[in-house]
Amino acid sequence: MAASWLVLLALCLLLPLLLLGGWKRWRRRRAARHVVAVVLGDVGRSPRMQYHALSLAMHGFSVTLLGFCNSKPHDELLRNNRIQIVGLTELQSLAVGPRVFQYGVKVVFQAMYLLWKLMWREPGDYIFLQNPPGLPSIAVCWFVGCLCGSKLIIDWHNYGYSIMGLVHGPSHPLVLLAKWYERFFGRLSHLNLCVTNAMREDLAENWRIRAVTVYDKPASFFKETPLDLQHRLFMKLGGTHSPFRARSEPEDPATERSAFTERYAGSGLVTRLRERPALLVSSTSWTEDEDFSILLTALEKFEQLILDGHNLPSLVCVITGKGPLREYYSRLIQQKCFQRVQVCTPWLEAEDYPLLLGSADLGVCLHTSSSGLDLPMKVVDMFGCCLPVCAVNFKCLHELVKHEENGLVFEDSEELAAQLQMLFSNFPDPAGKLNQFRENLRESEQLRWDESWVQTVLPLVMDT
């Protein structure tokens, strides 16, 4: 770690020479129809930026995508010869001095590092930037755009200062400074995209920023999973996670069985088990804006209903994702004494996540939004797989989840437990509410990401 900081210190001392060399390189190599996409986060966990890169490449642009490479992106991105992924190194805070000092030093060095990485890349007609995180990337990308003539496009997923406010409080000096920074530099962009109409209106009214709403839409690979692929996925996950393993051995030793399905040896036919458990799925970044104690309390109430004799199935609950609070909630889960409910928290490969959503019976979303203005992409993906959702209510959720049409909205664990009881009563019931919601999703003919992108973003980058 000390060595990396020494390298960065040397980088700062050599910055003028590096900038001059990079500027000359850009002047010499400027190429048409090239986009530099920046996310100061994990590329593998930034699906919207991956989708932007794929759509740009599909329409003739070459793309350089800069970000942290902690998780594997979609294979489609890795296979595309128009897209180059440039890994960034995530800098750790210094372990000396006050916390504010540590954070300030980290931001300064991160700015210098990102500036260096951008200056020594092929310049683009556009710099596509995900926000948040926008500190220090908005200012750096704006500055680089001024040097090379690139137009800065900010894709507003949320407000970074509001996320900081969850940890430090909304009136903390750092949060107020971050808000001023985000508003000031956000106005210097050429184009702005955002994820909801509520955010578009807030940007216009309170920030004087004009933005175009580009709703998250599922990519083409989010769809219902065929039964044979479900079985293959369950057998794969059963190798590391016991809830996916068969509860009993089949009579024929050659028959392959999971907790939900079995494949007959002779014909290869896959069928669902008659007494299978229900499969509930939630995904998360394990951050402060998702309170998973709501789900755990609801699961306890649900199990008590089973033990009291209600006609309800056993339940397998899969919570997938990475994030800072994962260990905290893992400990909470281990403390629960479930008998008819099993909970596991795997991190899935990018190609397995859509297969799991397409195999599940119900999705649960606990995202509440730090700003109240963004929508959970996980629900978009679930709807792409025709998976009904129970989602906790917040300000603009109605733009996505239609209560009693494609899912249900709840306020607390009591209401969620009642919804689970209603949806899983007499499971699996072809005439039940759960199946009605799935049929509604099948008939809704949702736009996919590519179709939506062509209608909203492509005209902007072509006209500009």
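What you are looking at is a predicted structure, and each value in this text was computed from that prediction instead of being measured.
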List the atom of [X], the atom of [Y], and the distance in Å for their closest heavy-atom pair.
{"X": "A391", "Y": "L397", "value": "CB-CD2, 3.9 Å"}
{"X": "P132", "Y": "G160", "value": "CB-CA, 3.7 Å"}
{"X": "A259", "Y": "R276", "value": "O-CB, 4.0 Å"}
{"X": "L387", "Y": "R438", "value": "CD1-NH2, 4.0 Å"}
{"X": "A57", "Y": "R82", "value": "O-CD, 3.3 Å"}

Any non-hydrogen side-chain atom of [X] less than 4.5 Å from a side-chain atom of [Y]?
{"X": "I153", "Y": "S189", "value": "no"}
{"X": "T64", "Y": "L66", "value": "yes"}
{"X": "C194", "Y": "V214", "value": "no"}
{"X": "H403", "Y": "L408", "value": "yes"}
{"X": "H52", "Y": "D155", "value": "yes"}
{"X": "V341", "Y": "S314", "value": "no"}

Separation between [atom1] of [X] and [atom2] of [Y], rounded to the nearest 0.5 Å:
{"X": "W449", "Y": "Q50", "atom1": "CH2", "atom2": "CD", "result": "11.5 Å"}
{"X": "H168", "Y": "I163", "atom1": "NE2", "atom2": "CD1", "result": "12.0 Å"}
{"X": "L416", "Y": "L366", "atom1": "CG", "atom2": "CG", "result": "7.5 Å"}

Does [X] come within less than 4.0 Å of [Y], counting only side-chain N to carboxylate O?
{"X": "E351", "Y": "K72", "value": "yes"}
{"X": "R232", "Y": "D352", "value": "no"}
{"X": "E290", "Y": "K378", "value": "yes"}
{"X": "E262", "Y": "R272", "value": "no"}
{"X": "E182", "Y": "R187", "value": "no"}
{"X": "R48", "Y": "D216", "value": "yes"}

The test is ring-ring contact (aromatic ring centres under 6.0 Å, His included); show your working for Y181 and F185 and say whether it passes. CA-CA 6 Å; Y181 162 88; F185 282 100; 5.1 Å; yes

Determine, step by step, whether V39 and F68 satisfy the side-chain contact (heavy atoms from CB on, under 4.5 Å) criterion, reporting the C-alpha distance in whole Å, the side-chain angles of both residues, the deciding distance to 0.1 Å, and the verdict. CA-CA 8 Å; V39 51; F68 305 144; over 6 Å; no

Determine whether the side chains of [X] and [Y] contain a donor N or O and an acceptor N or O closer than 3.5 Å.
{"X": "Y51", "Y": "D450", "result": "no"}
{"X": "N131", "Y": "H157", "result": "no"}
{"X": "Y353", "Y": "S283", "result": "yes"}
{"X": "E411", "Y": "N393", "result": "yes"}
{"X": "Y264", "Y": "E256", "result": "no"}
{"X": "S370", "Y": "N158", "result": "yes"}

Audit row: W142, H190, ring-ring contact (aromatic ring centres under 6.0 Å, His included) steps and yes/no: CA-CA 9 Å; W142 168 78; H190 288 81; 10.0 Å; no

So H59 and W453, side-chain hydrogen bond (donor to acceptor under 3.5 Å, both in side chains) or not? Walk me through it. CA-CA 11 Å; H59 290 89; W453 194 90; over 6 Å; no

Run the ring-centre check on [X] versus [Y] and record whether the distance is less than 6.0 Å.
{"X": "F260", "Y": "H231", "result": "no"}
{"X": "Y126", "Y": "H34", "result": "no"}
{"X": "Y329", "Y": "W286", "result": "yes"}
{"X": "W180", "Y": "Y161", "result": "no"}

D374, T196, D289 screened by side chain to side chain donor-acceptor pair (under 3.5 Å) with S369, the one that passes: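 Exactly one option meets the side chain to side chain donor-acceptor pair (under 3.5 Å) with S369, and it is D374.
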
Could you check L193, I209, L373, V195 and say which one makes a side chain to side chain contact (heavy atoms under 4.5 Å, CB included) with W156?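 Exactly one candidate clears the test, I209.
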
Of V38, V63, L56, the residue whose pairing with F128 passes side chain to side chain contact (heavy atoms under 4.5 Å, CB included):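 That would be L56.
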
Exceeds 12 heavy-atom contacts within 6.0 angstrom, atom NZ of K322: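 Yes - once you tally the heavy atoms of other residues, nucleotides and ligands closer than 6.0 Å, there are more than 12.
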
Whether S71 side chain and G44 backbone form a donor-acceptor pair below 3.5 Å: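 It does not hold such a pair.
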
Once the angle between the rings of H74 and F221 is folded into 0 to 90°, is it parallel (under 30°), tilted (30 to 60°) or perpendicular (over 60°)?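 Plane angle between 30° and 60°, so tilted.
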
